[in-house]
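The structure presented is a predicted model; accordingly, all values stated were derived computationally and were not measured. Below, each value reflects all heavy atoms present in this structure, side chains not excepted, and no hydrogens, waters or symmetry copies. In what follows, chains are A, B, ... by sequence order, proteins preceding strands, each numbered from 1.
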2 protein chains.
Amino acid sequence: MPRKLSALDPLRLDNQICFAVYSAAHAFNRVYKPLLDRLGLTYPQYLVMLVLWERDDVPVKDIGEKLFLDSGTLTPLLKRLEAAHLVKRTRSSEDERQVLIALTPQGHALKEKARSVPPSILAASDCSVSELVAMKDEIVALRDRLNAVIGE
Amino acid sequence: MPRKLSALDPLRLDNQICFAVYSAAHAFNRVYKPLLDRLGLTYPQYLVMLVLWERDDVPVKDIGEKLFLDSGTLTPLLKRLEAAHLVKRTRSSEDERQVLIALTPQGHALKEKARSVPPSILAASDCSVSELVAMKDEIVALRDRLNAVIGE
DNA sequence: TCACATTTAATTGTTCGCAATTGAATATGC
DNA sequence: GCATATTCAATTGCGAACAATTAAATGTGA
């Protein structure tokens, strides 16, 4: 019996790695949602907070470079984090073009509440840490190759 | 020398597989953008067309189940595809609750133009087909485990 | 110095993505 | 047969995501 043609069809949905990635991102988002609701954060806001918990008082551009997001996404998101009293936005005195993002005490404090999130995600992944790390490294390598093509 | 603590920090951005997936999805989107612009499609619209090129004349719900999207996303998207004369939306006569989505002749014809897309993506991935297939299968398995947790 | 380019955020407009609700059609239990 | 529940698409509202543009600040070269 010949193999089904569809198994090789380059336009078949199930053969698209991009769709695997796209749908996995949505699946992660849905798992994170109830966990982050308790922190009062959306998933992209959580990513911004992860950046700030590592290093604080950074310009918008630095956050954008780490998360691959631009000011059109970050400006309103950061304003919402400011409205939630998690960050403060202040224009740099050295370079008036820059807006520096700093954590408020509440923003710092939220990190402790956030520590319960990664274990829940790990449990939902139903997978060993070493397997996840290996997958993560592969996906990051693919992402970086794709991003390299874009900059041409 | 002790290993850097950050290499194990569960809240470190670079240790998040979800961020790897999230940022890879955006990278794919950016690579697809110029290719799909030529077809007059956005990436989610392209996914819907992939579904319809496999099977036509299906209710909105079927498309949603395949793509993990709900009517809040699909209804306006399908209306835009209809405005672009790629699909026709007709209420089923057997079950008036359902709206059936059928390709127009232009919708069918677009498939031929789309055949050039996957090879370009493969090239941008800078990776063998077998490696991509292996990664895709791993990511799909992870996605399905995550989705299984959501339904609880 | 002064014209010009570059950098940085902010803004605008379009398109997702989803939760929550609505309303209509259909199915089910009694 | 009829009340009730379920199914399905549409709608509303909010939060991303990004392209394109704007505006202000800074840097550069002649």
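Per the geometry, CD belonging to B:E96 stands 19 Å off P belonging to C:dG23, to the nearest Å. Distance B:E94 CD to D:dC8 C1': 15 Å, rounded to the nearest Å. Summarising the geometry, the separation between CG on A:L69 and C1' on C:dA10 is reported as 16 Å, rounded to the nearest angstrom. Going from atom NE2 of A:H26 over to atom P of D:dG15 covers 19 Å, rounded to whole Å. Atom CZ of B:F68 and atom P of C:dC16 are 19 Å apart (whole Å). To the nearest angstrom, C1' of C:dT15 lies 12 Å from CG of B:L81. Between the CZ atom of B:R80 and the P atom of C:dG13 there is a distance of 17 Å, rounded to whole Å. C:dT14 atom C1' lies 15 Å from atom CG of B:L41, rounded to whole Å.
Regarding contacts with the backbone of C:dC18, a side-chain N or O of A:R30 is found under 4.0 angstrom from either OP1 or OP2. Taking 4.0 angstrom as the limit, A:K79 places none of its side-chain polar atoms (N or O) nearer than this to OP1 or OP2 of D:dC14. B:Y43 has no side-chain polar atom (N or O) that falls below the 4.0 Å cut-off from OP1 or OP2 of C:dT15. For C:dA10, one of the phosphate oxygens OP1 or OP2 lies less than 4.0 angstrom from a side-chain nitrogen or oxygen of A:R89. Taking side-chain N and O atoms only, A:Y22 has a distance below 4.0 Å to OP1 or OP2 of C:dG17. Contact annotation: B:Q98 does not reach the phosphate of C:dA25 (side-chain N/O to OP1 or OP2, under 4.0 Å).
Ranking C:dT26, C:dA10, C:dT7 by closeness to the A:R97 side chain, first place goes to C:dT7. Residue A:P44 has its side chain nearest to D:dA16 when only C:dC18, D:dA16, D:dC18 are considered. For B:S71, taking side-chain heavy atoms from C-beta onward, the closest of the listed nucleotides C:dC16, D:dT11, C:dT8 is D:dT11. In the set D:dA19, C:dC18, C:dT8, D:dA19 carries the atom at the smallest distance from any side-chain atom of A:D70. Distances from the side chain of B:D95 to the nucleotides D:dT11, C:dA25, C:dC16 place C:dA25 closest.
The aromatic rings of B:Y46 and B:Y32 sit tilted relative to each other, their planes meeting at an angle between 30° and 60°.
In this structure the side chain of A:F19 never reaches within 4.5 angstrom of the side chain of B:F28, judged on heavy atoms.
At a cut-off of 3.5 angstrom, counting only N and O atoms as typed in the model, there is no donor on one side facing an acceptor on the other between the side-chain of A:T75 and the base of C:dA9. With hydrogens and angles left out, the side chain of A:T42 and the base of D:dA16 share no donor-acceptor pair within 3.5 Å.
No contact: A:P76 has no heavy atom under 4.0 Å from any strand. Within the nucleic acid shown, A:T73 comes within 4.0 Å of at least one base atom, counting heavy atoms only. Backbone-only engagement by A:L77 is indicated by non-hydrogen atom pairs under 4.0 Å involving sugar-phosphate atoms exclusively.
Positionally, the nearest nucleotide of DNA chain D for B:L78 lies more toward the 5' end than for the other of B:L78 and A:S93. In this structure, A:E65 and A:N29 both approach DNA chain C, and ranking their closest nucleotides by distance from the 5' end singles out A:E65. Judged by closest nucleotide on DNA chain C, A:R91 is the one of A:R91 and A:K33 placed further toward the 5' end.
Residue A:R115 qualifies as enclosed at atom CZ: its count of foreign heavy atoms under 6.0 Å is above 12. Atom NE2 of A:H108 has more than 12 neighbouring heavy atoms from other residues, nucleotides or ligands inside a 6.0 Å radius.
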Please walk me through it: do A:D62 and A:K66 pass salt bridge (charged side-chain N to carboxylate O under 4.0 Å, His left out)? CA-CA 6 Å; A:D62 285 22; A:K66 285 192 175 121; 5.6 Å; no
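Remark: A:Y22 engages A:H26, B:Y43 in a ring-ring contact (aromatic ring centres under 6.0 Å, His included) (not counting sequence neighbours).
No donor-acceptor pair closer than 3.5 Å links the side chain of B:K111 to the backbone N or O of B:M49. For B:S23 (side chain) and B:A20 (main-chain N/O), a donor-acceptor pair under 3.5 Å exists by modelled atom type. Checked by atom type and distance alone, the side chain of A:S92 never pairs as donor or acceptor with a backbone atom of A:V99 at under 3.5 Å.
Rounded to 10 degrees, the angle separating the terminal helix axes of the helix from C:dT1-D:dA30 to C:dC30-D:dG1, each built from five base pairs, is 20°.
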